[in-house]
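Reckoned from all heavy atoms, side chains included, excluding hydrogens, waters and symmetry mates.
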Amino acid sequence: MDSMNALMQTEIYNGKSLADLVTLEFLAQAMGSVLAATVILLAGFIVASWVKRRIVQIGDSHASLDVTLFHFLGNLARYVILAFAVLFVLNTFGVQTTSIIAAIGAAGLAIGLAMQGALSNVAAGIMLILFRPFKLGDFIEVNDEMGTVKEITLNNTVIASLSNLKVIIPNSEVWGNTITNYSEFDTRRAEWNFGVGYGANLATAEQVIRDTIMSDSRSHAEPEPFIQVNNLNSSSVDFLVRVWVDAAEYFQYQADMKRKVKEALDAAGIDIPFPTRTLVQASPDASQQASEDGDQQDSAANRNEAAA
């Protein structure tokens, strides 16, 4: 009986003994705290999601605003609201949140050393958001991967590859590598090398190439296209051709022009050569005679050496 009384009087929580905890008053208070914590968490999630949507909608509704930046701000606001909700929940149960914040700050250095890789991704993500070398929807090439940017988070960048595969690249590898943004400028310059035979009329060949390319509505007349002889190969005279086109049409345009120019040159009777090689084979009699002459020379040399 004495041991039972001692157990009931033992301090369990917040200066209260077990006897105090089993009272209806305390149980009602605890249930109220749990209910309040649940309401705070639900309200926190609802408010955080609503604030994020509103911030993202602001960026989407104004063409002059950077969508990538507002997506980042929306995620940041959501995490901040959820963090405050958790602090309110802890405070509801009587936990001293100031001591928790102090402990987190003291452990920050150790956490930072243990998570250098993750923090480097976060730092790189912040740099990508601030300097914005690309934005959502841009077609880029980075770290030997090429695709359309779908998402930029604090940890990684998500792109859809040419095969429509989801590629996730850590931000540290994005920021630390060369980034090629194919969508940054409205126009691009397509470039080809077309070879014709040495017997072809170069003026006619140049005119055929020019008429074929410039007849396409996608070709830009300004800046003026560049079409000139650039190289004299062993089997062909090469024309270097450079024409400006809208960036969105670049890849299909470049492929189409290769075929159209080939067909136009064929129709004009202009030869498009390919490398050739001439092989000269000696006759069997000549080879045998050369072998016999060689044997005779070797024998004479051996006799001279023996005589010496």
Side-chain angles (χ1 to χ4, degrees), residues 60 63-64 66-68 128 132-152 157-167 169 174 177-275:
D60 293 337
S64 59
D66 190 348
V67 177
T68 305
L128 291 173
R132 289 173 286 181
F134 53 82
K135 60 184 181 296
L136 296 182
D138 281 355
F139 188 83
I140 67 171
E141 181 179 2
V142 61
N143 201 26
D144 297 328
E145 296 289 347
M146 180 182 292
T148 304
V149 179
K150 293 297 184 180
E151 187 179 6
I152 304 172
T157 298
V158 180
I159 66 174
S161 69
L162 292 174
S163 302
N164 200 30
L165 300 177
K166 183 178 181 180
V167 181
I169 309 175
V174 176
N177 282 279
T178 301
I179 301 171
T180 303
N181 190 340
Y182 294 96
S183 303
E184 181 66 21
F185 305 115
D186 295 332
T187 58
R188 290 186 61 184
R189 188 170 66 177
E191 181 175 312
W192 309 269
N193 279 287
F194 297 115
V196 299
Y198 271 90
N201 185 306
L202 297 184
T204 302
E206 178 180 342
Q207 192 62 45
V208 170
I209 295 173
R210 183 182 299 274
D211 292 343
T212 303
I213 292 180
M214 298 312 297
S215 63
D216 193 289
S217 60
R218 295 170 293 181
S219 303
H220 290 190
E222 294 293 336
E224 185 179 354
F226 178 91
I227 304 176
Q228 290 186 11
V229 172
N230 181 61
N231 193 25
L232 301 178
N233 273 324
S234 59
S235 58
S236 67
V237 178
D238 292 344
F239 283 90
L240 176 61
V241 181
R242 292 172 176 162
V243 182
W244 290 89
V245 64
D246 290 344
E249 299 175 337
Y250 172 81
F251 290 104
Q252 188 61 47
Y253 171 80
Q254 191 175 47
D256 291 344
M257 289 303 100
K258 290 178 181 178
R259 177 169 182 167
K260 287 185 176 181
V261 170
K262 166 66 167 61
E263 293 174 347
L265 291 175
D266 289 343
I270 299 175
D271 179 39
I272 302 177
F274 50 87

side-chain contact (heavy atoms from CB on, under 4.5 Å) between Arg218 and Met257: does it pass, once the steps are laid out? CA-CA 10 Å; Arg218 295 170 293 181; Met257 289 303 100; 4.1 Å; yes
Here the pair of heavy atoms bringing Ile272 nearest to Gly195 is CG2-O, 3.5 Å
Worksheet entry | Working for side-chain contact (heavy atoms from CB on, under 4.5 Å), residues Tyr182 and Thr148 | CA-CA 10 Å; Tyr182 294 96; Thr148 304; over 6 Å; no
Separation between CD1 (Ile179) and CG (Leu128), nearest 0.5 Å, reads 6.0 Å
Quiz item: Quick one: does Thr212's side chain have a donor or acceptor within less than 3.5 Å of a partner on Lys260's backbone?
Solution: no
- Task: Decide whether Asp238 and Asn193 meet the rule of one side-chain donor and one side-chain acceptor closer than 3.5 Å.
- Result: no
Only one of Ile169, Asp138, Leu165, Val174 passes side-chain contact (heavy atoms from CB on, under 4.5 Å) with Ile159, and that residue is Ile169
Looking only at heavy atoms, the pair that brings Ala205 and Phe239 closest together is CB-CE1, 4.0 Å
Could you check if a side-chain atom of Glu191 sits within less than 4.5 angstrom of a side-chain atom of Leu240, using non-hydrogen atoms only?
yes
In this structure, OG of Ser161 is separated from NZ of Lys150 (nearest 0.5 Å) by 10.5 Å
| Stepwise side-chain contact (heavy atoms from CB on, under 4.5 Å) test for Phe194 and Ile209 | CA-CA 9 Å; Phe194 297 115; Ile209 295 173; 4.1 Å; yes
One should read off an interatomic distance between Lys135 NZ and Ile140 CD1, to the nearest 0.5 angstrom, of 11.5 Å
To the nearest 0.5 Å, atom CG of Leu136 lies from atom CD1 of Ile152 at 5.0 Å
Return the orientation label for the Phe251 and Phe139 ring planes: parallel under 30°, perpendicular over 60°, tilted otherwise. perpendicular
To the nearest 0.5 Å, atom CD1 of Ile270 lies from atom CD of Gln207 at 10.5 Å
>> For Ser235, is there any backbone N or O sitting under 3.5 Å from a side-chain donor or acceptor partner on Asn233?
In response: no
Note to self: Walk me through whether Phe134 and Val142 qualify under side-chain contact (heavy atoms from CB on, under 4.5 Å).
What the structure shows: CA-CA 11 Å; Phe134 53 82; Val142 61; 5.9 Å; no
When rounded to the nearest 0.5 Å, the distance separating CD1 of Ile227 from CE of Met214 is 7.5 Å
Would you be so kind as to tabulate the donor-acceptor pairs closer than 3.5 Å made by side chains of residues 243-250, with sequence neighbours excluded?
unit_1, atom_1, unit_2, atom_2, d
Asp246, OD1, His220, NE2, 3.0
Tyr250, OH, Gln254, OE1, 3.4
Tyr250, OH, Gln254, NE2, 3.1

